[in-house]
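Here's the structure we're looking at; comments come further down.
Here the structure is a predicted model, which means the values were calculated and not measured. The sequence lines fix the lettering, A, B, ..., with proteins before strands; numbering per chain opens at 1.
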Protein chains: 4
Amino acid sequence: MVAGMQSRITPPARTGGRPRSATADAAILEATRQGLVELGWSKLTLSDVATRAGVAKTTLYRRWAGKSELVVDAVAELFDELELPDRGSLAADIEGVVLQFALLLGRPETKTALMAVVAESTTDAPLRERIRTSIVDRQKRLVLAGRARAQERGELPAEPDPVSAARTADLIFDVIAGAVVHRALVSAEPVDTEWARRFTLLLLGGLAAAADAP
Amino acid sequence: MVAGMQSRITPPARTGGRPRSATADAAILEATRQGLVELGWSKLTLSDVATRAGVAKTTLYRRWAGKSELVVDAVAELFDELELPDRGSLAADIEGVVLQFALLLGRPETKTALMAVVAESTTDAPLRERIRTSIVDRQKRLVLAGRARAQERGELPAEPDPVSAARTADLIFDVIAGAVVHRALVSAEPVDTEWARRFTLLLLGGLAAAADAP
Amino acid sequence: MVAGMQSRITPPARTGGRPRSATADAAILEATRQGLVELGWSKLTLSDVATRAGVAKTTLYRRWAGKSELVVDAVAELFDELELPDRGSLAADIEGVVLQFALLLGRPETKTALMAVVAESTTDAPLRERIRTSIVDRQKRLVLAGRARAQERGELPAEPDPVSAARTADLIFDVIAGAVVHRALVSAEPVDTEWARRFTLLLLGGLAAAADAP
Amino acid sequence: MVAGMQSRITPPARTGGRPRSATADAAILEATRQGLVELGWSKLTLSDVATRAGVAKTTLYRRWAGKSELVVDAVAELFDELELPDRGSLAADIEGVVLQFALLLGRPETKTALMAVVAESTTDAPLRERIRTSIVDRQKRLVLAGRARAQERGELPAEPDPVSAARTADLIFDVIAGAVVHRALVSAEPVDTEWARRFTLLLLGGLAAAADAP
DNA sequence: GTGTAATCGAGACGGTACGTCCTGTCTTCCC
DNA sequence: GGGAAGACAGGACGTACCGTCTCGATTACAC
């Protein structure tokens, strides 16, 4: 994972000495996700992660600055699994990604971790940047891919202005991700096919109207 | 606050003895908000809140079960300050409430607390219910009030089916609240007039389209 | 009990209003002894005593200054039960009182309380005085009675000098009480008939030798 | 100190990891004695000891199970300082050890601690055993040494029966230690040269009489 | 092959907050 | 005014984690 590489504490220039164990990394991230599932964010302790991973606490702190950073890396891997399979129409594609995203947010490790690190990030700028880099921005690709595909199909017109295009993509992204997260975690109601259909209808209608207006 | 009354640990039926100090409650909630501003959620300690409020830790634990419950009550009071002033049109009303909500989410105590308690609530059902009762459901009134007003103005048709009406209101609520929260806290981009205008345009277009379809 | 009267906090001059409940006193002292038996000194709490006695904490604090004072009064009543039955000879009388004293020290409430209040008294002069008045000095009567009886029997000569007589009585008292307490509580060995016989032999031999010397 | 070694919580077999700080032990025991002097047993807190010793509370609890155990170790070191200098005769030796013991009991840390831990030990068997091992039994050496020296001088006959010899030594020990402790702490009267002389006279007379009898 | 140096496990360290308990005082209503 | 009930400020308890440290024991590359 590219983002993870730059978010970890890097070894000092590699002059000599024993190299860091590669398997330890994977074990730690997996142990972190396990811990999130079983304990939730607030009861997850780094000592526990270390024990689960069969690793010393030192090893853990040598690579990550703290709980938040570790958890961001651990869940970022899951978000990277999201894809945008071609379902034939823009509406179907949106419904598909909404349901896929809801499924991801339904996993206990994602659920408890995402809101927690966002909460932490409100008082921690570097962490905020890291979340954006490792998780948020990486998912905008889905919006961009969906739009490109719809334009290929002729469902959406080409964007004349690249600045406005980016701004619209950001808006769409916040609306989709925000609505799904809010429905799933805050309102704590199920994101099912019915809801996805209604939401998609709303969104597509809005897109059409927005395309007509300046 | 009605919700707060039922969310606190209640004294055992009031048989005799010294009654609970009413001023202590207000002092504790205010101290909690202060602490959130200065320390953020994760560094906020109940000992610190007690000290700030000039109250013993015992008093605090006698009334709230833990940090999460206390913070929910403390920020719920802020959410209750949201209003829906009549700006003349549905579009203006929506823009107004979006900006007002964004202003509230911009406050450091709200920002750090909201995501944190939602994160906790993913592994704590009673807390989840409490957030819903004290915060979430109470703000749906804004959506309902906005729709009613738009219907009075003739901007929206009357709802034939009450079930469908409720479902639509929920959807609108998740879309508005979700998008604003996501923009403000996750994407960490400003929710300014420009963004509010664009979002409102999208939403109104979607509403119109959704009204046409079954 | 005379000593108890003066060791308690006295009501403010008796002007009017409801008089203090007399039965409460007995209930509190009994509850204290029960608590000592079940919990030991260090785990005994005044709240617990109040609950056991069916009395409010206020009532308790209105009458005693603290745990030590209360416990001194509670166990002093037990020490007052000691007697010196006439067993026919000085040796038998001493053996009898030694065994009786050992039996008293074997009771859990006495055992745990006596050492504890003495320990407290090392940093609390009023308490020290109170222990002396309520417990220690009151038991010297046994030594004096034993000596008087032995002199009546002709086993001991009359004391020519009253000052020296008092000093000797003090010494005897410290030797008897000290040896029994040390054997029972510090060495934690049984004070049985065999030990009492050996100890009495030693003491009587010493008394005879001391009587010969100036 | 041998006794202390076995009375502390021992580290788990020393497999790896950072070894326990040796200086911390000494600092803690010294801080405990200081605390006893300044605050007395009941007001001594382990938090305070930790602070005085410049040590974390964790370190303290890692090595001792509680206040009683710590204090036993702290005062045991003082009791080990007792010696039996040769003063030329059995009477002088006894007087010497009595005065030396009284001097030790006059120290505020010893005074407040000894009775307190004995009080605790009445409801705590392991603690009782520990007091016996670390303090009580270790001082019997003084009785044995005194008797041996007196036998060398010809002041006392050799013991024919070792069982009886041990029993007599125990009796002597309880009488000496008990009388001094009772005089000093319970009666709260000074153990001065005059008292020591009178007590020694009594004891030696008793010994002679006891030696004559079976 | 032999150094050299950063790694690893283990676990003790100084701190800090936890949530509970008890103290001794107070406030309220009931007798 | 006494008494039961119980809230109050305060402070210690013993536990749990934090993030750092000190160990002795591996590695792996550079010489």
Practice item. Considering just the side-chain nitrogens and oxygens of C/Thr59, establish if one lies under 4.0 Å of OP1 or OP2 belonging to F/dA4. Key: yes
Study note, to complete from the structure: Out of F/dC8, F/dG3, F/dA4, minimum distance to the side chain of B/Arg63 belongs to F/dC8
Revision key, fill the gap. Taking for B/Lys57 and for C/Lys43 the nucleotide of DNA chain E with the nearest heavy atom, the one nearer the 5' end belongs to B/Lys57
Check your understanding: Do any side-chain nitrogens or oxygens of D/Ser47 fall under 4.0 Å of OP1 or OP2 in F/dG11?
Key -> no
Point to revise | Residue whose nearest DNA chain E nucleotide is more 5′ - D/Ser21 or C/Leu46 | key: D/Ser21
Study note, to complete from the structure: A/Trp64 CH2 to F/dC18 P, in whole Å, measures 15 Å
Check your understanding: Judged by atom type as modelled, is there a donor-acceptor pair below 3.5 Å linking the side chain of A/Lys67 to the main-chain atoms of A/Leu44?
Key -> yes
Check your understanding: Taking atom types as modelled, is there a side-chain donor on A/Thr23 or A/Ser21 under 3.5 Å from an acceptor on the other?
Key -> yes
**Study point:** Exam field: side chain D/Arg8 to backbone D/Arg63, donor-acceptor pair closer than 3.5 Å
**Key:** no
Review point. Among E/dG14, F/dA5, F/dA9, which nucleotide sits nearest the side chain of C/Ala56?
Key: F/dA5
Review point. Does one side chain, of A/Thr123 or B/Thr112, offer a donor that lies under 3.5 Å from an acceptor on the other?
Key: no
Check your understanding: Between D/Gly66 and B/Ala53, who's closer to the 5' end of DNA chain F by nearest nucleotide?
Key -> B/Ala53
**Study point:** Which residue lies more 5' along DNA chain F, comparing A/Thr45 with D/Asp48 via nearest heavy atoms
**Key:** D/Asp48
Point to revise | Under 4.0 angstrom between B/Arg20 side-chain N/O and F/dG6 OP1 or OP2 | key: no
**Study point:** Whole angstrom value for the distance that separates C1' of E/dC18 from CG of B/Leu70
**Key:** 15 Å
Review point. Considering the options D/Glu77, D/Glu109, D/Glu38, which one meets the side chain to side chain donor-acceptor pair (under 3.5 Å) requirement together with D/Arg33?
Key: D/Glu77
Check your understanding: Any donor-acceptor pair under 3.5 Å between the side chain of B/Thr58 and the base of F/dG10?
Key -> yes
Review point. What is the distance, rounded to the nearest whole Å, between atom OH of D/Tyr61 and atom P of F/dC17?
Key: 17 Å
Review point. OP1, OP2 of E/dG19 versus side-chain N and O of B/Arg62: anything below 4.0 Å?
Key: no
**Study point:** Length of the CD1-P vector between A/Ile9 and E/dA6, whole Å
**Key:** 16 Å
Practice item. Quickly work out the A/Leu60 CG to E/dG9 P distance and round it to whole Å. Key: 10 Å
Exercise for review: Take atom CZ of B/Arg52 and atom P of E/dA17, then tell me their distance rounded to the nearest Å.
Suggested key: 12 Å
Practice item. Using only side-chain N and O atoms of A/Arg18, determine if any of them is under 4.0 Å from OP1 or OP2 of F/dT27. Key: yes
**Study point:** Interatomic distance where CG belongs to A/Leu39 and C1' belongs to F/dA16 [whole Å]
**Key:** 14 Å
